[in-house]
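Following: one structure in structure tokens, then a few remarks.
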Amino acid sequence: MTEFQENSKVIDCRSLTRDVYILTLSSPQIAQTALPGQFVMIRVSDMDDPLLRRPFSIYDVSTSGEILILFKIVGRGTRLLSTLDPGDSVNVIGPLGNGYTLHPSGNACLVGGGMGIAPIYFLAKKMNMAKREKSNFHVILGARSGDELVPLLDAFNKFDMQIDCATDDGSFGHHGFVTQLLDPVLPNVSQVYVCGPTAMMQIVAEKCLEQNVCCETSLETHMACGLGACLGCTVSGADGQYVHVCKHGPVFKADEIKWEK
Amino acid sequence: MTEFQENSKVIDCRSLTRDVYILTLSSPQIAQTALPGQFVMIRVSDMDDPLLRRPFSIYDVSTSGEILILFKIVGRGTRLLSTLDPGDSVNVIGPLGNGYTLHPSGNACLVGGGMGIAPIYFLAKKMNMAKREKSNFHVILGARSGDELVPLLDAFNKFDMQIDCATDDGSFGHHGFVTQLLDPVLPNVSQVYVCGPTAMMQIVAEKCLEQNVCCETSLETHMACGLGACLGCTVSGADGQYVHVCKHGPVFKADEIKWEK
Amino acid sequence: MIVKDLDLNVKIGSLLLKNPVMTASGTFGYGEEFENLIDLNRIGAIIVKGISYEPRPGNPPPRVVETSSGMLNAIGLENVGVERFISEKLPYFDHVDSRLIVNILGDSRVDGIEVNISCPNVKKGGVAFGTIPAMAAAVTRAVKAETDQPVIVKLSPNVTDITEIACAVEDGGADSVSLINTLIGMAIDIKSKQPKLANIIGGLSGPAIKPVALRMVHQVSQRVKIPVIGIGGIATYEDAVEFLLAGASAIQVGTANFYQPKAVEYIIDGISRYLQEEKVQAVNDIIGKVQINR
Amino acid sequence: MIVKDLDLNVKIGSLLLKNPVMTASGTFGYGEEFENLIDLNRIGAIIVKGISYEPRPGNPPPRVVETSSGMLNAIGLENVGVERFISEKLPYFDHVDSRLIVNILGDSRVDGIEVNISCPNVKKGGVAFGTIPAMAAAVTRAVKAETDQPVIVKLSPNVTDITEIACAVEDGGADSVSLINTLIGMAIDIKSKQPKLANIIGGLSGPAIKPVALRMVHQVSQRVKIPVIGIGGIATYEDAVEFLLAGASAIQVGTANFYQPKAVEYIIDGISRYLQEEKVQAVNDIIGKVQINR
Ligand SMILES: Cc1cc2nc3c(=O)[nH]c(=O)nc-3n(C[C@H](O)[C@H](O)[C@H](O)COP(=O)(O)OP(=O)(O)OC[C@H]3O[C@@H](n4cnc5c(N)ncnc54)[C@H](O)[C@@H]3O)c2cc1C
Ligand SMILES: Cc1cc2nc3c(=O)[nH]c(=O)nc-3n(C[C@H](O)[C@H](O)[C@H](O)COP(=O)(O)OP(=O)(O)OC[C@H]3O[C@@H](n4cnc5c(N)ncnc54)[C@H](O)[C@@H]3O)c2cc1C
Ligand SMILES: Cc1cc2nc3c(=O)[nH]c(=O)nc-3n(C[C@H](O)[C@H](O)[C@H](O)COP(=O)(O)O)c2cc1C
Ligand SMILES: Cc1cc2nc3c(=O)[nH]c(=O)nc-3n(C[C@H](O)[C@H](O)[C@H](O)COP(=O)(O)O)c2cc1C
Ligand code: FES
Ligand code: FES
């Protein structure tokens, strides 16, 4: 795997909601090689504070050399990102990590919650392109409320997949958790892909493990480098050994991870 | 003296040359009370780096509550300032310091070098308004090269004052130093006001002291607070006692200061 | 549910503060410099610039330089001396409803004394006191013998084991310890090849040092019984709460006053909001409440 | 005038480096992690993550947290152990034209040894060695007795007087001292009320600590005759030059590698530019050349 460091021009930075944005960057080398589930490390400031790069999943790539990032403002770094204007530049390293394993045949369910929708969209796009005649792909998306979800749906609706939605506040789709929408789907699929809040991923992972369905989860941890150098991004593997999310992941099979009790 | 802290909207930030900018801020309280020679402390970033506010002379004020800053990019803080867009906000404290003493009668010479032109412009504007029939005011401006000077001249030319210019590279006006232009003027004036690089101010100050002409200089030092609280902005007074530029100055009579040998 | 009658009072020895937020010595002038920018009456206590018996001119300039998320200073305890402090600066506080803590001995309007045994910018005395436990204890005892006011001893972080110094000072009778003073640092101008401070070295302060300060406050608060006052890089209410949770009974705001003169007000308001959110009625109930599971 | 044949060579004991810029242990993985992002052959020396005899799993997560202009880490010396290092990591360096410095003892391809007596993240041993002069000297002597390679001893900044430790280590036979390791710090999550690091405390690194590091490097270089290697917050060539002027014979880049993997290259190029501008032919001619007038 080769990672690149690019000084990327901002093509666009627009808000979907008050705190969710889509950032479009010109990063030809990353765009050309990125796989769904991989991420980039973005330097959000040229100053010494905030110091460290921030990790973001690749939400989409364009054939004209652009990468798209779907992000939510949760702190200082993401706030700075949201103030970028077209013509500004940011330094980006990527693509990083392993990415999801594409199983184009068989039935699969893709589950994305919150900003976890980002890699799930890129995955859905690739899966849709690779889709075999007899396969059924199902997408389940969740968010706090409808205004976060609706602007993203048009793009998903172009795919030959069934889309179900859940919102915490019931303002759109099912009132409740994505995990509840998964239950009826699970018996009919051989593969689940999930990205979202850790608590959600854990429930999905456990349901899949119970029913013997392959499940790939994309983990989040604090990352100082994203390159495998700082050894800061540890989680406990199923065997009790530490694994590093940036290098061995961020995508892990559900049974590779020791989920907290 | 009352200083104010305002969260100022950026009205405009435009470049005169590659590295010289004029920033227009909406700061009604400061605009209303500012005197020529006073300065403001601007927080250039909301992050912890760069940490400290940066001092800038007030270049002009408008009747609609705006203050104007003339600045040159010399480091990180001024670079950040130059990236401000209309609609952004910066936090400003001012007006700070004492300002020049206006002597509306008698003949005076105003000398501004580089960014030292900023307070000299504001002073010229006020002096022009207060000008008595028989007074002659003379302005001498200096800069590295003409492109820094020319964009500022229109505004000065509106005043009933003689304007002379010098540039280091000879691209506009006298090829050489403002101090050379001062020599023929000095015998005819009772008051000199100067702001610019320390070396220039020292020469002007010494010429004035020799010829017994009152001279007010505006000093620059490193300032952490601008409020008289940190005691960081010391210079040596003529009596060997330390004075604080932000509180006792930035404007000092030439004979109040111990100029370095 | 709104928590009624939030109680922000804290006690530093016999000294009751209406809230745990103070200004750090040397960063708030003599108080009056900030009167137009902040409501001085809201501050828990104002600690003024260190006062020596004789006026001191301080060090030659340059005295301050910015560093990443911090600054170095080598002011050298410039101050007006006891006499002018009492005649010129003290009367101002008659109309300020905030505790006043100074470094000088005794006076009716002074509510407490902070003894700085840790200034890195004065050549003799200070530094050595701050790094040798027995001397720290002796200085404390000497001050205690001279005053009935609560005595706070301010510790230097430039030591191998700050808890050792804190314990010595506690044994010496201190009513409280405050920490940290600045870390000793240096910066060089690569063009002129000279140190950026005329004094060569200076004290590092600001957000850069917060992690070190928090660690030391936590360590010390676990070793001494007297109240600990946390100082170092505190600029927001979140910072202040970190120190309270780590074990500080009160905190001081230093460098932040320079770039955000309203910092102290924002911090007091933020602590109140935090108590509301946490549904805690008294600030005393969060002091030392960091959760350590092992 | 262009200075021809710039000479960036420096010597650390018997070890000749083609330039004074190294990567700091624990911040550059085992080198290969950076192969796509920087030309490894340009680096003066690569110091790999500390290797212990047995593999070590390190501390539980969270292990890193960002602070103002810095970061705290509590990795806890996670490493593959000597055996796997030799079989899996060492061969990679056969094709890298940069000096390789490790923490383990002896091996043909290893060019030098850095002995870390200052890691704040390992409970026993390390810390004590680093704060007690006699123990620091004893460790140095023991390592020297076992190897013919140049031995660099890495010092802790968490001491009252780092020059005392440096002198002890010099007496113990060290070929060089490197400093500083991280300052001990802490951070608390005010929502969960837990320390942000599972290990409670961690090591503070990055630009925040640069002023402290520079001061210590300057102090130590005036006390010892062996070469001093400067570490701490170095991210730009200006930073590196400050350390060289202060007395460092070489420097290490740590945390900066994480956010700017090309930092080392930029620094080497910047030092060359600086020498050109200063019309100095050899980097050795600026080492220790800070101008102090008093
Ligand atoms: C592999 C990976 C992919 C990611 N993809 C996306 C994405 O596509 N879109 C998106 O919006 N976000 C994504 N994130 C999360 C994103 O990196 C964080 O939201 C961002 O770093 C926060 O930066 P900040 O400066 O705004 O927040 P900070 O001020 O640093 O922190 C704000 C709060 O968020 C917490 N936090 C910060 N970083 C993380 C983290 N990595 N994991 C858990 N909690 C954290 C902090 O503890 C704090 O409570 C991803 C994270 C990882 C590891
Ligand atoms: C009272 C006063 C009024 C001023 N008015 C103006 C003005 O109207 N327009 C304008 O462009 N500038 C003015 N300045 C200077 C301005 O404050 C500095 O240029 C600015 O602070 C530099 O910030 P920076 O972050 O860009 O540079 P930094 O990165 O902080 O420094 C860049 C270089 O400039 C030097 N430097 C920084 N600040 C000062 C300073 N205050 N004095 C001397 N050298 C310094 C540094 O040592 C360094 O070499 C004024 C300064 C003072 C004290
Ligand atoms: C400019 C300046 C002057 C200071 N003067 C004093 C002083 O006179 N007495 C003292 O005990 N501490 C002094 N200090 C230290 C501060 O009170 C405080 O302990 C230190 O700055 C750390 O807090 P901070 O990071 O919030 O600034 C000074 C600090 C600064 C920045
Ligand atoms: C994540 C991390 C891991 C580190 N691991 C080690 C180590 O294994 N051995 C060691 O001697 N120093 C280790 N250090 C300390 C660095 O080598 C260096 O001394 C310190 O970070 C200061 O330099 P910096 O500010 O440039 O990072 C580590 C530092 C960091 C940030
Ligand atoms: S983030 Fe540094 S090793 Fe994974
Ligand atoms: S800048 Fe702080 S006292 Fe003048």
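Any value given below was found using the heavy atoms of this structure, including those in side chains, with hydrogens, waters and symmetry copies removed.
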Please report all inter-chain donor-acceptor pairs (under 3.5 Å) between chain B and chain C, with distances to 0.1 Å.
{"unit_1": "B:M1", "atom_1": "O", "unit_2": "C:N36", "atom_2": "ND2", "d": "3.4"}
{"unit_1": "B:E3", "atom_1": "OE2", "unit_2": "C:N36", "atom_2": "ND2", "d": "2.6"}
{"unit_1": "B:Q5", "atom_1": "OE1", "unit_2": "C:K262", "atom_2": "NZ", "d": "3.1"}
{"unit_1": "B:Q5", "atom_1": "NE2", "unit_2": "C:Q260", "atom_2": "OE1", "d": "2.9"}
{"unit_1": "B:D48", "atom_1": "O", "unit_2": "C:S69", "atom_2": "OG", "d": "3.2"}
{"unit_1": "B:L51", "atom_1": "N", "unit_2": "C:E66", "atom_2": "OE2", "d": "3.0"}
{"unit_1": "B:L52", "atom_1": "N", "unit_2": "C:E66", "atom_2": "OE2", "d": "2.7"}
{"unit_1": "B:R53", "atom_1": "NE", "unit_2": "C:Y259", "atom_2": "O", "d": "2.8"}
{"unit_1": "B:R53", "atom_1": "NH2", "unit_2": "C:Y259", "atom_2": "O", "d": "2.9"}
{"unit_1": "B:R54", "atom_1": "NH1", "unit_2": "C:E66", "atom_2": "OE1", "d": "3.4"}
{"unit_1": "B:R54", "atom_1": "NH1", "unit_2": "C:E66", "atom_2": "OE2", "d": "3.1"}
{"unit_1": "B:R54", "atom_1": "NH2", "unit_2": "C:E66", "atom_2": "OE1", "d": "2.8"}
{"unit_1": "B:L231", "atom_1": "O", "unit_2": "C:R63", "atom_2": "NH1", "d": "2.7"}
{"unit_1": "B:T234", "atom_1": "OG1", "unit_2": "C:R63", "atom_2": "NE", "d": "2.9"}
{"unit_1": "B:T234", "atom_1": "OG1", "unit_2": "C:R63", "atom_2": "NH1", "d": "3.2"}
{"unit_1": "B:H244", "atom_1": "NE2", "unit_2": "C:E78", "atom_2": "OE1", "d": "3.0"}
{"unit_1": "B:H244", "atom_1": "NE2", "unit_2": "C:E78", "atom_2": "OE2", "d": "2.9"}

note = Separation between CE (C:M71) and CG (B:L52), nearest 0.5 Å, reads 6.0 Å
request  = Please report the shortest heavy-atom distance between B:A229 and C:F28, naming the atom on each side.
outcome  = CB-C, 4.2 Å
query = Considering residues, nucleotides and ligands other than B:K207, do more than 12 of their heavy atoms fall under 6.0 Å from its NZ?
reply = yes
request  = Please check if atom NZ in B:K9 has more than 12 non-hydrogen atoms from other residues, nucleotides or ligands closer than 6.0 Å.
outcome  = no
key: Greatest number of heavy atom pairs closer than 4.5 Å to chain B - which of C:P261, C:G26, C:G206   = C:P261
query = Can you name the nearest heavy-atom pair linking B:C230 to C:I75, along with the distance?
reply = O-CD1, 3.1 Å
